[in-house]
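Below is one structure, written out as structure tokens; the observations come after it.
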Amino acid sequence: MCWPCVFLSRPPPGPPAAPPQHTKEPLQYMRNAQASWEKRILKSLNSMCTELGVPLARKRPLPEQRELSNKWNEMGTDEPDLSKFRPVYAPKDFLEVLVSLRNPNLDCSEEVSSLSHWGLIKVPLHVGDIPQVREACPELTLTSGQLGIDDHPHVPSGTPHVPSGTPHVPSGTPHVPSGTPHVPSDTPHVPSGTPQIPPTLTSPQVPLTSPQIPLRYPSGTPHPHVPSGTPHVPSDTPHVPSGTPQVPLALTSPQVPLTSPQIPLTSPQVPPTLTSPQVPPTLTSPQVPLTCPQVPLTSPQIPLTSPQIPLTLTSPQIPLTLASPQVPLTCPQIPLTSPQIPLSHFCIAHSKRANMPSALQIVTNRKKCFGRQAASDLFESEHVRLGRRVLGEQDSAAAQQYSRQGCPTGLRAPLWALILNSTNDPEDIMHYEQLKAGVIQHDLVVDNLIYKDVKLTASNDDYYFVFEDFLYQVLLCFSRDTTVLEHFNYNSATPPKSYIQGKAEQDEYAVIYPPNGVIPFHGFSMYVAPLCFLYNEPCRLYGVFREMYVRYFFRLHSISSHPSGIVSLCLQFERLLQSHLPQLFYHLREIGAQPLSIAFKWMVRAFSGYLSTDQLLLLWDRILGYDSLEIVAVLAAAVFAFRAENLMEVTSLASAEAVLADLSTLKVMPLIQIFVFATMI
Amino acid sequence: MAGKVKWVTDIEKSVLVNNFEKRGWTQVTESEDWNFYWMSVQTIRNVFSVDTGYRLSDEQMVNHFPNHYELTRKDLMIKNIKRYRKDLEKEGSPLAEKDENGKYIYLDFVPVTFMLPADYNLFVEEFRKSPSNTWIMKPCGKAQGKGIFLINKLSQIKKWSRDSRTSTFMAASSGKEAYVISLYIDNPLLIGGKKFDLRLYVLVTTYRPLKCYIYKLGFCRFCTVKYTPSTSELDNMFVHLTNVAIQKHGDDYNHIHGGKWTVSNLRLYLESTRGKEVTSRLFDQIHWIMVQSLKAVAPVMNNDKHCFECYGYDIIIDDKLKPWLIEVNASPSLTSSTANDRILKYNLINDTLNIVTPNAEIPDCRWNRCPPREALGNYQILYDEEQALSEGTDRDLRSRSGQSLGSKGSRSSSVRPTPATWK
């Protein structure tokens, strides 16, 4: 071909196409870090194999194949000796790598940078603060209908366990589960004039501690170079394609317009009017009175802090420390007390009505007594109806939009499959059967890692132990699925290569190992475990998991600058905490309990294994709905906000970890809602 | 408060003792004057036996009904349920309606069962109808899975037939040797390929009128070994029995979760995989079973005013999501196998005490048995006969029985269509 033809076929000027490695990851230092991390993992895997004298892969002799085939459904009963195998890496090793990440173009002399960012992540990336999250998640506002807000009569938190660090739950009040901040979602029933609310808002600790924070800091030179939000231009990439990772929350997804006609159906305005008998019409917008009283309280602090540090006045933290810290601290308490008002209030009013008496039981439908409950019931039944319609039309984009307000338990499985375009057709079944045959024919070293991981995690888990065998059936097949390799087109990671014996470093003898290119780490099986609650056929379960992995989960253990990448999530978590809970962040940092060192393990698993399953599924609804993992970082920050009071009292990393050890009683949606929409900014 | 409650127990379990101590009650010995005695079933037999002639005062309370065994002994429970069904049939109650195969539509909730040796001939007749069935043999008076075995050939129970022929009288009188034989549920619902049963707690404060409460925090007990209906595994009890007492000795027993799964997990799983309606219907049916079993024994129960009882209901769900009542325990285990188990059982006792000893004060056996809602804790009212009768206008029993406790939205799709009347 002569080159003028090439010239002609090209579109005129325009920017040159980005080289493929840039679509994987535009920042070179990220690529380098990922590459050396991969090298490290592979080395660890290889040295373990050498040490144990086991080949990476071997064909199973026929009798062994037959045996495995026979007990395919009960692999958990097989107890191979795994004592010599160890996970290739654990989240904590990965965190170390992330903490050591640096942008070579950025001057990071410690003194100064500690002023601008207190966290562990030292790379400049653009991550969303609360206003951006609000903008990105309009469906999560306090006034819109939401599944996962009301305490569900049938799904109480799995364990009645109150963590040691939370003394604020009186044992005698069974109506308010410890982790449940009942945020009124679409609830007009908190009377705006109720006297109980202001006292909880004006929590005493507010003004007392905050002035100290700035004082502890050397009033060094204002540090100009990392204002949060400045996108950093990477050294080697003059042509960051527009629309690359730096854009927070890919909100501009095409499905929005498609589904918007349906939104009015779920609009929160409907319930209040229908349930009006219970609810005096004057009770509207509870959040306004909630936040208002703060303003006068915080303003006096400005003179207190400003004199000491005139120089830092321009730095981004200042306005944040002045106004915001107390808001998240006190917010979680509001809901703890407020539901009790209507409790007594409405119970009396309704005890006379005794509507629809039932034979088996009369008193138990106490839930029906509340206007709020009625409204949320109404939202729920309407939402279920809408969900059926979405399913009926098999509209993937609509299902995704729908999932933002949560999927009803009974419809979640088909809705997620629809969103993920995961089918269960004969081809899918055949594909799964082929993978299964692959497992039976060949023994891979990574199988042992999977066994080990399942035994260490899911098998000991109160929620997931039941599904041990399903996990093997999914994960062993996954490791042999070469269609997973496609995701390396947009994953910053590169599939690891091994060489046929004796042909080391000769590319023509290189094979990708394991065949799917993913080396499992400690906790990997927890990505699958919650899905076992939704799908009871291994094939279906497999399809949905694979899709979840290649869309989301891979980002949680690859180094990249993508907004859903683990680096961005860590940074976003730290920024949220530093901006909105500076006192807390400062306190924890002082006692050597960096928040990220606690929250990292949650985020790396997208909270699987930490929350109760019903709550986890509600969280993952939103991951799918917003097509983003950012909600994970937001929740991590919200958890700290919720436990802030207890955390302020701890004096060591161990006790901070103890306060945050049990998340199984938390209700995620109220937590996220309060943190995002009730925090003052 | 008029003085401290003096308590005794012959079951030294921390979940009990901690609850008593938390209330500031005083421990005394059996021979002293006591107010509250949490006793084993052996002790209750002595307390109410004719010989000892113990007379309880108004300020004394015990945790068993004198003849609880009418419900909690496998053979007597079956006998009472059979009698209850016949009585309803005689009255022409619509509850006793049968389908075209002669099976009760609403009262078929225990597997087909016979007493051995007493009903040996009846059993043989039934066995021959479908000889491929597997049957389960259980000694009447034993618990925790002791003495249980499976059979699928008549020859395996020859012993009981001989007894039957020689001396029916003797075998019937020596109750300990008596067995019940039940059709084995060989199509249990499997989760993750494993068999499980449900342990749910029910508190009864009075039988006439019947007032009972269901505890929301029950659990599923899983077998550690994959379930196989194959008859070659009939001897492997780890496959078939879910009792922790049995499973604990299996190699795969896990001491962190103890093979236990909360009922809320079960509900979440079933709603997610099978849908909300069928799940609600299942739980409605479970509640229905409990109420019916209690109503079946209510007429024969000695409704002593000093008594209350917390029962452990064992229920198996089959793969068509039909629940089966297996047995009822009078002394559900208070041993804690895991940390969560301990919390659950501590709370169970706590909530039970809150109901039966209002305000932790010295009990008065003439109490009204109408605890305030705040005192219920994790209990929900299962059935309150008094209240049900006072609502005479609503006579549609069956549509109501199809309703769940606090279930939402499923009311219109009632399970049992024909109207019925309370008697």
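Side chains are part of it too, since the values below use all heavy atoms of this structure and drop only hydrogens, waters and symmetry mates. Keep in mind that what you see is a predicted model, and the values were worked out from it rather than measured.
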task = Run the ring-centre check on A:Phe467 versus B:Tyr269 and record whether the distance is less than 6.0 Å.
result = yes

task = Please report the closest heavy-atom contact between B:Leu268 and A:Thr409, naming both atoms and the distance.
result = CD1-CG2, 3.6 Å

Ion pair check, A:Glu380 and B:Lys276, cut-off under 4.0 Å = yes

remark   = To the nearest 0.5 Å, atom CG of A:Asp462 lies from atom OG1 of B:Thr338 at 6.5 Å

task = Could you check A:Asp469 against B:Lys194 for side-chain contact (heavy atoms from CB on, under 4.5 Å), going step by step and ending with a plain yes or no?
result = CA-CA 10 Å; A:Asp469 294 322; B:Lys194 297 190 180 82; 4.0 Å; yes

query = Checking B:His257 side chain against A:Ser459 main chain: does a donor-acceptor pair fall under 3.5 Å?
reply = yes

remark   = OG (A:Ser664) and CG (B:Asn340) are apart, to the nearest 0.5 Å, by 7.5 Å

Separation of A:Asp614 CG from B:Glu271 CD (nearest 0.5 Å) = 10.0 Å

message = Is A:Thr613 in contact with chain B via its backbone, its side chain, both, or neither, using a 4.5 Å heavy-atom distance?
response = both

request  = For each of A:Asn536, A:Val384, A:Leu617, tally heavy-atom pairs with chain B at distances under 4.5 Å, and name the one with the top tally.
outcome  = A:Asn536

A:Leu534 and B:Thr273: CA distance, side-chain angles, deciding distance, side-chain contact (heavy atoms from CB on, under 4.5 Å) verdict = CA-CA 5 Å; A:Leu534 303 186; B:Thr273 55; 5.7 Å; no

ask   = Between A:Tyr535 and chain B, which part of the residue has a heavy atom less than 4.5 Å away: side chain, backbone, both or neither?
value = backbone

note = Between the OH atom in A:Tyr463 and the OG atom in B:Ser264, the distance rounded to the nearest 0.5 Å is 7.0 Å

message = Check whether B:Trp261 reaches the backbone of A:Val466 with its side chain - one donor and one acceptor, N or O, closer than 3.5 Å.
response = no

query = What pair of heavy atoms forms the shortest contact from A:Ala413 to B:Ser272, and how long is it?
reply = CB-O, 3.9 Å

